[in-house]
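Please read the structure below before turning to the comments.
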Amino acid sequence: MRRNATFVLLALLTVVGVGIAGVAAAGTGGGTAPAPAQTASPADQTSNATTIDVSASGSASADPDQAVVSVAVTAHADSADDARAAVARNTSSLREALADAGVASDDIETTAYRVRERTVNNEDGTTTTDGYEAVHAFAVTVQDPDRAGDVLDAAVAGGANRVDGVRFTLSSETRADLRSEAIHAAMDDARSQADAAADAAGLSVTGLKTVSVGGGYGPVAYETATSGGASADRTVIDDAPVSVSVSVQTTYTAA
């Protein structure tokens, strides 16, 4: 019985040895080729590359090609309806005066309208009613900024009894052009910074990985009206350049 058990054990060891030899032969000679070693893909190489984060800004400016005149018609009366009616009459006259000055109806926009009770604070801490006030405010877009003063004068002559100011601005087309210029300037600045940083580290910029653009329309030029020009009664308003500024956040790769 012991001799039979020993024979079986030897047979199993022989089978295992043959199997191992077959596997070794398949890996070194004829048979299935060994699996190739794994290599990093370009995406993996990019993700492991050195990166340089840069913040930059750019701006572009131009003379304004539009002006916005802000005016209002106000009225004070004993009743709300009387105040409303007075504003309505003067508003009609205002629109006619602006039309005569060459302002298109589409360039006249209502910015506020209200009718409310007026109150007065007394010295004893109480309040009393002082009739009603009606207000109709407008933003008048002037396509030729040089005519802003003339339009303002026409509005006041036509019934506007409150002037809230004049601002110089840009048309949407000019604004888009300036924004494009500002983005190019910001990207040039970003690349210059990235090149300098890479050079300081003994590297070279190899590509742009990410970029985001922020910012937009810059501050609008506000000016104060002055009298002058051909007539001492004519309002002349001097404009100033309007700028568009943007910022960029970039990430460059370097090696």
> Hey, does D65 have a side-chain heavy atom less than 4.5 Å from the side chain of E173?
Replying inline: no
>> Please find the pair of heavy atoms, one from I52 and one from A194, that lie closest to each other, and give the distance.
In response: CD1-O, 3.8 Å
>> Show, in sequence, the C-alpha distance, side-chain angles and deciding distance for T110 and F138, and conclude whether the side chain to side chain contact (heavy atoms under 4.5 Å, CB included) test is met.
In response: CA-CA 5 Å; T110 293; F138 300 91; 3.7 Å; yes
> Minimum heavy-atom separation for A154 to A101, with atom names?
Replying inline: CB-CB, 3.9 Å
> Which value, rounded to the nearest 0.5 Å, describes the distance between D106 atom CG and T141 atom OG1?
Replying inline: 10.0 Å
> Of the non-hydrogen atoms in A160 and V73, which two are nearest, and what is the gap between them?
Replying inline: CA-CG2, 4.0 Å
> Are any non-hydrogen side-chain atoms of L152 and V71 less than 4.5 angstrom apart?
Replying inline: yes
>> Within this structure, what is the CD-CG distance for the pair E96 and D100, rounded to the nearest 0.5 Å?
In response: 7.5 Å
>> I'd like to know if L98 and V163 are part of one continuous hydrophobic network [Ile/Leu/Val/Met/Phe/Trp/Tyr, side-chain heavy atoms within less than 4.5 Å].
In response: yes
> Given side chains that start at C-beta, do those of T250 and Q193 come closer than 4.5 Å, heavy atoms only?
Replying inline: no
> Counting distance only, does the side-chain N/O of S245 pair as donor-acceptor with the main-chain N or O of S59 below 3.5 Å?
Replying inline: no
>> Can you tell me how far apart CG (D195) and OG (S204) are? Round to the nearest 0.5 Å.
In response: 8.5 Å
> Which pair of non-hydrogen atoms, one from A240 and one from P64, has the smallest distance, and what is that distance?
Replying inline: O-CD, 3.2 Å
> Any donor-acceptor pair under 3.5 Å linking the side chain of T251 with the backbone of T210?
Replying inline: no
>> Hydrophobic cluster membership, with links at side-chain heavy-atom distances under 4.5 Å among I/L/V/M/F/W/Y: are V236 and V68 in one?
In response: no
>> Could you walk me through whether D124 and T126 satisfy the side-chain hydrogen bond (donor to acceptor under 3.5 Å, both in side chains) test, starting with their C-alpha distance in whole Å, then the side-chain angles of each, then the deciding distance to 0.1 Å, before giving a yes or no?
In response: CA-CA 6 Å; D124 59 3; T126 61; 2.6 Å; yes
> Are S61 and S243 close enough, and set up right, to give a side-chain hydrogen bond (donor to acceptor under 3.5 Å, both in side chains), and what steps lead you there?
Replying inline: CA-CA 4 Å; S61 62; S243 65; over 6 Å; no
> Taking N90 for the side chain and G159 for the main chain, is one N or O donor matched with an acceptor at less than 3.5 Å?
Replying inline: no
> Heavy-atom distance under 4.5 Å between the side chains of V211 and M187, does that happen here?
Replying inline: yes
> Going hydrophobic residue to hydrophobic residue with side-chain gaps under 4.5 angstrom, can you get from V151 over to I237?
Replying inline: yes
>> Minimum heavy-atom separation for A190 and A56, please, with both atom names.
In response: N-CB, 3.6 Å
>> For a quick test of reading the model, state the closest non-hydrogen atom pair linking A148 to V142 and the distance between them.
In response: N-CG1, 4.2 Å
> Sub-3.5 Å donor-acceptor pair from the side chain of T169 to the main-chain atoms of Q66, do we have one?
Replying inline: no
> So, do Y132 and D78 sit near enough that their side-chain heavy atoms are less than 4.5 Å apart?
Replying inline: no
>> As a quick check of understanding, evaluate side chain to side chain contact (heavy atoms under 4.5 Å, CB included) for V205 and R191, giving each step before the final call.
In response: CA-CA 9 Å; V205 172; R191 180 54 190 263; 3.8 Å; yes
> Same hydrophobic cluster for V87 and I108, using side-chain heavy-atom links shorter than 4.5 Å among ILVMFWY?
Replying inline: yes
>> Any side-chain to backbone donor/acceptor pair from D130 onto R118? Under 3.5 Å, distance only.
In response: no
> Do L170 and V244 come within less than 4.5 Å of each other through their side chains, counting heavy atoms only?
Replying inline: yes
>> Run the salt bridge (charged side-chain N to carboxylate O under 4.0 Å, His left out) test against D153 and tell me which residues pass, sequence neighbours left out.
In response: none
> Linking I/L/V/M/F/W/Y whenever their side-chain heavy atoms sit closer than 4.5 Å, directly or via other members, would V135 and L94 fall into one cluster?
Replying inline: no
> Between CG of N122 and OG1 of T128, what distance do you get to the nearest 0.5 Å?
Replying inline: 4.0 Å
> Hey, what do you get for CG (D188) to CD1 (I183), rounding to the nearest 0.5 Å?
Replying inline: 12.0 Å
>> Measuring from atom CG of D189 to atom NE2 of H184, what distance do you get when rounded to the nearest 0.5 angstrom?
In response: 14.5 Å
